2 protein chains.
Amino acid sequence: MAIDRDAANEIAFNRMCEAEPVLVDVRPAIEVIPGMSSDLILTSGPQIPFDQYTGGQRKAVVYGALYEGLADDYETAEALFAKGEIRVGGCHDYGCVGSVAGIYTASMPVFVVENKKHGNTGFCNFYEGESRKRLNYGFYDDDVRDQLRRIETEIAPIIGEAVRQAGGIPLKPLMRRALHMGDELHSRNTAATLLFGRELFKHLLTLSEGRHREIEQVLDFLSTSDYFFLRISMAASKAIADAARGVEGSSIVTAMTIYCGGYGVRVSGLGDEWFLGPFPTVQARLFEGFTENDIEWIGGESLITETVGLGGFSQAAAFALQSYQGGSPQAMIENNEAMYQIVAGENTDFKIPYFGYRGSPTAIDVLKVRNTGVTPVLDAGLAGRDGGQIGAGVVRAPVECFQSAAEAFERRYGSG
Amino acid sequence: MAIDRDAANEIAFNRMCEAEPVLVDVRPAIEVIPGMSSDLILTSGPQIPFDQYTGGQRKAVVYGALYEGLADDYETAEALFAKGEIRVGGCHDYGCVGSVAGIYTASMPVFVVENKKHGNTGFCNFYEGESRKRLNYGFYDDDVRDQLRRIETEIAPIIGEAVRQAGGIPLKPLMRRALHMGDELHSRNTAATLLFGRELFKHLLTLSEGRHREIEQVLDFLSTSDYFFLRISMAASKAIADAARGVEGSSIVTAMTIYCGGYGVRVSGLGDEWFLGPFPTVQARLFEGFTENDIEWIGGESLITETVGLGGFSQAAAFALQSYQGGSPQAMIENNEAMYQIVAGENTDFKIPYFGYRGSPTAIDVLKVRNTGVTPVLDAGLAGRDGGQIGAGVVRAPVECFQSAAEAFERRYGSG
């Protein structure tokens, strides 16, 4: 079967560039995510049976059920999962992307980002705040629960009101701008959070009549959360990546995932199959007291940002990241430059000032990854064996899943 | 007379680094600037007689008098200046710094920035907004007047209220952070304006009871003014630079100025004398339709930022500046690196991510400038012959004023 792969990839690339993500709402997952139900917990990675979840990711999934009130204690919850009375699902199959373990429950608020150009929608739940102990990092206690509840009942509803009152907030202009202000929109979202806060403020002001205290809480949360925008960036990136999904003959990556079993990629022309491989490698910068032996892979789909030309693919826009994830400016530049070898093109919106406003490398081609051996560079937070964040680092995807995806692609479309 | 110049310069350098600028108030100039009076117009440059002001700077001074209502028309105002019934003064002699022509009148609101560490105060008036036609660029008409009046009566008083309610806003934390977000705090203040806005929000909210419309106007002004923070950065820089003023035996520059007669510098150990030289040179990026022949030097003291290690001395923090003032990232890096040759040290607060968080080159030494021939690099907006901003560029200070300052320094302190 003769296909024009370049033409198909150009379509996929263009669809990513042309996508127009707009934050249209903030609602509980159950109200807006197709297929979500009250007995369902979503987590990063491919859809696998509950008994295949191990370690910190398994714990995080069970903690999700506890948070949602589906069981009173850990053992009961585990038993209910085993019996199928509580179910687990893969985020990407529900239009969601998981940050680290990526736990979604029915009552959790999610950002609803619509791609106004192509009509698809991406979702992401909320950043939990600056504590190192967070559910998405596989940790759960009363503090984690209370903070999640506070976001659910006090923060998210007001942000939702403001977003609706704004008639939606177009995200590309904020994202474009943040890249000129030291963000790469994965591990650094400081500028985007500020820009988003400014968009929101006039609407919060209008809503403030008689409830200043509530609005002040929202402002405080925004002020102390430099990563607040990450989840919006992820939902936007999901909406952008999905625009390139299902293009016949395209070898462009539309999703990447880390889960407790390894690493996976999806390819535009190969449907929703995950091509799996081993865990990624990492150059970590760990919080004091931790070593690389403490790192555990409990999931991660924030690399949806890299999938659309952000994060590691825009590292040279965010030299300030050094202090968070280590590395030198020179290494960041080299990492970023290398990514141009494995993509379909240069982003028409996301530009990197250090590269003279060159568009960021966008739309990863599995064949180029396989042929060059250059694998995606990913900026990422790192979870520890006992839960919680223990640092951050520059993660390198494993080549194997790109190899098997490339083989599958050639089996289906030929190697011409 | 034997002096330890290195020790004196270290004192001056340390005082700059240790200064703690805090925005404590916003008030009409007449209420807070020592020596300000209703018949006085301040402008950039050394104190010179009115008849020595020429071209656009002379016009700007006269326009100031018109704005203040000291005369009904241009000719009458000029005559009153000539008779000494309206007076003109140099900004720096009043603790002020002038942006371009730098026109201050009695009723104009100014930022009051106190250096909490050493007790001195710096002032700067307000950014006029995004129009290219502004009084500080030597342009004046009804629109310019109305905009200045709006700032005076509607914007500044509310910002002042919020600042007082906040109990003052410490500026170093905002400035430090903005340098990690693509600002160099002279020709780029996008992040700092956002950070300042966020500081202000919660106080504006508290003030909003019954006057949402007024607060919304302030928010709109902040949202559309990426250069809003420049004037705060200038007042802070003035407070920082003045901390290093008058250190016996120090050859550190404490002020630089451009005026219609040329360029001038002041030196810590040489009192308040201005050492004068010719105009600077410039690599300009002009708005469409203009050529370098259209540039006119009508004043400029925003280079107080370079005096304390910002602006051109932090260019490599702000690659996004390319789109405003031209130049390549490589040139910005080289410019910035060269500045380390002519300063006393590396700033302990202002750090440049691209340089691996190296402190910005701080405290210009006139002897090092004279000896190396390397002159300060300055980021600057450019005024046109007919008034208004016509572009921006990378300006290079002339060596002559540093030479004559170095000679005066050696005459006084010896050349040991």
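Per chain, numbering begins at 1; letters A, B, ... match sequence-line order. Computed from a prediction, not measured in an experiment: that's the story for all the values here.
- Aromatic ring centres of B:Tyr324 and B:Tyr227 lie closer together than 6.0 Å.
- When ring centroids are compared, A:Tyr354 and A:Phe319 come within the 6.0 Å threshold.
- Annotation: B:Phe228 is in aromatic contact with B:Phe111 [ring centroid separation under 6.0 Å].
- Between chain A and the options B:Arg188, B:Gln322, B:His180, B:Lys202, heavy-atom pairs under 4.5 Å are most frequent for B:Gln322.
- Of the residues considered (A:Glu209, A:Glu199, A:Gln330, A:His212), A:His212 shows the highest number of contacts with chain B, using heavy-atom pairs under 4.5 Å.
- The shortest heavy-atom contact between A:Pro109 and A:Phe126 is O-CD1, 3.7 Å.
- For the options A:Thr190, A:Leu194, A:Asp183, heavy-atom pairs under 4.5 Å to chain B are most numerous at A:Leu194.
- Residue contact with chain A, scored on non-hydrogen atoms closer than 4.5 Å, is absent for B:Leu179.
- Shown here is B:Glu18, whose CD atom has more than 12 heavy atoms of other residues, nucleotides or ligands within 6.0 Å.
- The part of A:Leu219 that comes within reach of chain B is its side chain, from C-beta onward, which places non-hydrogen atoms under 4.5 angstrom from that chain.
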Show the numbers, then the answer: is there a side chain to side chain donor-acceptor pair (under 3.5 Å) between A:Glu128 and A:Gln147?
CA-CA 7 Å; A:Glu128 295 174 49; A:Gln147 172 72 350; over 6 Å; no
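- Taking B:Asp220, B:Leu205, B:Leu204 one by one and counting their heavy-atom pairs under 4.5 Å with chain A, the maximum is reached by B:Leu205.
- There is no contact between B:Ser328 and chain A, counting heavy-atom distances below 4.5 Å.
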